[in-house]
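One-based numbering, in listed order, for ligands and for the atoms of each.
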Amino acid sequence: MRFAATVTPSEARFAPILLRGPISELFSLVSQYEYDGIEVHLRDPHDVDWDEMDDLSRRYSLPVTTLGTGMAAGMDGLTFSDPNEGVRRRAVDRVKEHIKLAARLGSAVTIGSLNGKIGFDAEEANRRREHHFSCLKECCTAAAEMDVTILLEPLNRYECDWLNTLEDTLTVMEQIGAGNLKYLADTFHMNIEEANIGASIRSAGISLGYVHLVDSNRCGPGQGHLAVSDVLRALMDIGYDGYLSFECLPKPDADRALRNSLSYVKTLLDKLSS
Ligand code: LER
Ligand code: MN
């Protein structure tokens, strides 16, 4: 398993991201902490210089694992389930730009907060699910043409009112039927929504494309009450060899969160494999 750190060049404070700053400093820092990859959250992919990102990724031998898109929802109000067609169009067009950048960098694109909400009215909720389906399908088709994977991330009930569990996600994935659509398991959300995190990971099997390894309090693994070794054991059981990305709060500070998360998880993995 490989390790990624979450970063953003955006000033936005609401997302659980380890490092913020100019993109060149972010690559330099993450490589100093000896991570294998870097997960970059971008409100709009044109907020950064694509050539510069490509150069930095090569210079530091640091693959961009996935592009986070949630800031497009949080800052610009763009979602796939919005009742307004113009908003949905802008959401899809925005994600298509993330997809182009991802194709350039060899990364995936995450869809989490962009899934949006559906509300309580049954008919309206059905319409919004259909809107979501059309938008996600269009993005998966565009991504497939460029060999890009889309990671579908369910969020906990306080952030999303319909796509919360592995089961919800597998249902959507089955409806879409795209080979380049994978499940992103975020253990912070799973800790709230899944009855048994290890069992869910085992039942996800090859649908699993990426992991946000975060503790129960959204701090780095080892700082809360998540049974991290159960999660790692389940990942080992299904032969997961992708990234574990620490999408967590920079607490007590970014330096310690980056250092301690990595050493804590590496030590557990060593114990589990011996
Ligand atoms: C995005 O990866 C995520 O987990 C969201 O909860 C961020 O708000
Ligand atoms: Mn997440």
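Within a radius of less than 2.8 Å around the Mn ion (ligand 2), the protein N, O or S atoms are Glu153 OE2, Asp186 OD2, His212 ND1, Glu247 OE1.
Relative ring orientation between Phe246 and Tyr35 is described as perpendicular, the plane-to-plane angle rising above 60° on a 0-90° scale split at 30° and 60°. Ring planes of Trp50 and His46: parallel class, angle under 30° (limits at 30 and 60°).
Remark: Asp82 does not engage Arg128 in a salt bridge, criterion side-chain N to carboxylate O under 4.0 Å. A salt bridge between Lys117 and Glu159 is absent, with no side-chain N of the basic residue lying under 4.0 Å from a carboxylate O of the acidic one.
Not counting sequence neighbours, the partners of Ser229 by the side chain to side chain contact (heavy atoms under 4.5 Å, CB included) test are Leu268, Leu272. In terms of the salt bridge (Lys or Arg N to Asp or Glu O under 4.0 Å) criterion, Arg90 has no residue partners (sequence neighbours excluded).
Checked options Asp49, Asp147, Asp51, Asp55; the residue passing with Arg104 is Asp51 (criterion: salt bridge (charged side-chain N to carboxylate O under 4.0 Å, His left out)).
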Full working for salt bridge (charged side-chain N to carboxylate O under 4.0 Å, His left out) between Asp253 and Arg256
CA-CA 6 Å; Asp253 52 54; Arg256 278 178 284 179; 2.7 Å; yes
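Protein residues with a heavy atom closer than 4.0 Å to ligand 1 are Glu153, Leu155, Glu159, Asp186, His189, His212, Arg218, Glu247, listed by chain and number.
To the nearest 0.5 angstrom, Phe27 atom CZ is 12.0 Å from Leu19 atom CG.
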